[in-house]
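Data block below; observations after.
Reckoned from all heavy atoms, side chains included, excluding hydrogens, waters and symmetry mates. Throughout, residue positions are numbered sequentially from 1 according to the sequence presented.
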Amino acid sequence: MDLTLLTASALASGIKKREYSAREVAQAFLDRIKKTEPAVQSFITVTGERALEKAAKVDERLGRGEDMPELAGVPIALKDNICTEGVRTTCASKMLRDFIPNYSATVAQHLEKAGLIMLGKLNMDEFAMGSTCENSAFQTTKNPFDTSRVPGGSSGGSAACVAAHEAPLSLGSDTGGSIRIPASFCGVYGLKPTYGAVSRYGLVAFASSLDQIGPFARSAADIRALFSVINRRDPRDMTSLDESLFKRADSSGWVIGLPEEYFGDGIDGEVRDAVLKAAKTFEKMGHRVRPVRLALSEYALPVYYILSSAEASSNLACFDGVRYGYRAPEYDGLFDMYCRTRSEGFGSEVQRRILLGTYVLSAGFYDAYYKKAQKARAQIMAEYAAVFDEADVLLTPVSPQTAFRFGERTADPVKMYMTDICTVSVNIAGVPALSAPCGRDSRGLPIGMQLIGRRLSDYGLIDMAERFERHTGVMDTMTPAV
């Protein structure tokens, strides 16, 4: 039996029944990583010895008859912007190439307490800035369905490793679609939780009011199981919410809203057809579908890039070569050290967003750009609140197209930014959204649908996706080429 083909839930069950050991499971995935990494390149760091040691401890506890958590012994991999004590955390940047944190992020602590086994740290767009995983300073992660195409970003490594069966679970972060777009491109599930559902303590910040850690998996049930591990109130993150606010929900008979703005020009015909076909399937399952309006959607992209770049400019100011991280080897005085360090340590996309953010926050432009963007954000949040008076959930495409080839959009940053057009408003509003596979295009590339819910409805979205998965058997068709 190939253990790497099993879902996390199936692996957990087998470990508890002693059908195989946690160490055997960890070794199977490490062997799979060794085999597939030359083609996929999901991992920046593999922690093989550490994983086997942790797995052996889980087996010892099970052997003593201890009552273990649901996912004990199941392997997982983490995006490389989530701090892990004693394990390199690079953010895929030259700036943090050799940074080893002396503490772990809250989510990493939750995973360890739950007995999950970390296999390593995953590739990403540098400091989570990008939609294709082409901005990493170290390597380019490939899409397991077609290695000539992008896996999506910034959590490209997190999606690709799950799709390629290198890990049954992973964690990523989502600032404007960075979980959902890779999940869609790679044919897996990806949840961007309600803002505050998961602690951001220990997540290297990109845009603090938009960032959210979330899970990837090959089944909706696994998304639920992993989300329940990391959905915890954390006093070290003042924006985090108490887990008791998130109720297990039954999505039966929900009203599904189809925002017409997400099905117009610019959306690939095959993507549109697949999502509308999913809507028809939901109707057959007992849901009611109706059109709705999100008239402010056209403003979401500029609002997002103004606010996220402004926050990035502030958050990344600490990377100056003074205390930790890269420092330019040659410089003439303190100011020159700052300039050389940041010019050499940051890649072009990170520099571009820092410059944009600094500009919109500068005297004379703050009112014209940043302040207006904040006002527009409030209106977008109000529009979302109003639309959920008409519908329980919204159904949209995740991306205007399926995975495109490497290099197709790198020359035009604005065209690249348009990849996020279906996802950024969710982060602006702070509501949850789930990317779930709903089919494949004529080239065999996965198509994802996006389920968007009101705040705190995360479990309802997962329930809805799980029912769709059982009804359609869609995951049986999601077999990658690698």
NZ/NE/NH1/NH2 to OD/OE distance under 4.0 Å, D250 and R467 | yes

Item to complete: Apply side-chain contact (heavy atoms from CB on, under 4.5 Å) to the pair C422 and V398, showing each step before the final yes or no.
Response: CA-CA 6 Å; C422 296; V398 177; 6.0 Å; no

Could you tell me whether R470 and E466 have a side-chain N and a carboxylate O separated by less than 4.0 Å? yes

Problem set entry | Heavy-atom side-chain proximity of S184 to Q450 below 4.5 angstrom | no

The side-chain hydrogen bond (donor to acceptor under 3.5 Å, both in side chains) partner of D174 among K192, Q212, R180 is R180

Exercise. Is the closest side-chain heavy-atom distance between R353 and F127 below 4.5 Å?
Worked result: no

**OP:** Establish, yes or no, whether the cationic atom of R272 lies under 6.0 Å from the six-membered ring centre of F263 and within 45° of the ring axis.
**Re:** no

Are T45 and D80 linked by a side-chain donor-acceptor pair shorter than 3.5 Å?
no

Give a yes-or-no answer on whether the side chains of S93 and Y326 include a donor-acceptor pair shorter than 3.5 Å.
-> no

Worksheet item: Would you say the side-chain atoms of T194 and R455 include a donor-acceptor pair closer than 3.5 Å?
Response: no

Would Y417 and Y304 count as a close aromatic pair, with their ring centres under 6.0 Å? no

Q: May I have the step-by-step check of side-chain contact (heavy atoms from CB on, under 4.5 Å) for F282 and M449, ending in yes or no?
A: CA-CA 12 Å; F282 279 122; M449 62 180 177; 3.9 Å; yes

Distance col, row F185:CZ vs S435:OG, nearest 0.5 angstrom, shows 10.0 Å

Review point. Step by step, would you call T396 with V275 a side-chain contact (heavy atoms from CB on, under 4.5 Å)?
Key: CA-CA 7 Å; T396 76; V275 177; 5.9 Å; no

Checklist entry - Do V198 and F227 come close enough that some side-chain heavy atom pair is under 4.5 Å? => result yes

Does a side chain donor of either K79 or S170 reach within less than 3.5 Å of an acceptor in the other side chain?
no

With P101 as partner, the option from I82, T89, V204 fulfilling side-chain contact (heavy atoms from CB on, under 4.5 Å) is T89

When rounded to the nearest 0.5 Å, the distance separating CZ of R97 from CZ of F138 is 5.0 Å

The reported gap from OG1 in T141 to CD in Q41 (rounded to nearest 0.5 angstrom) is 7.0 Å

Q.
What I want to find out is whether R352 reaches E349 closely enough, with some N-O distance under 4.0 Å, to be called a salt bridge.
A. yes

So CZ of F346 and CD of E126: to nearest 0.5 Å the spacing works out to 7.0 Å

- D463 versus S251, side-chain donor and acceptor atoms under 3.5 Å: yes

Pairing donors with acceptors under 3.5 angstrom, does anything connect the side chains of R440 and T477? no

dist Y189:OH -> L461:CG (nearest 0.5 Å) comes out at 13.0 Å

* Decide, yes or no, whether a salt bridge links K54 with E112 under the criterion of side-chain N to carboxylate O below 4.0 Å. => yes

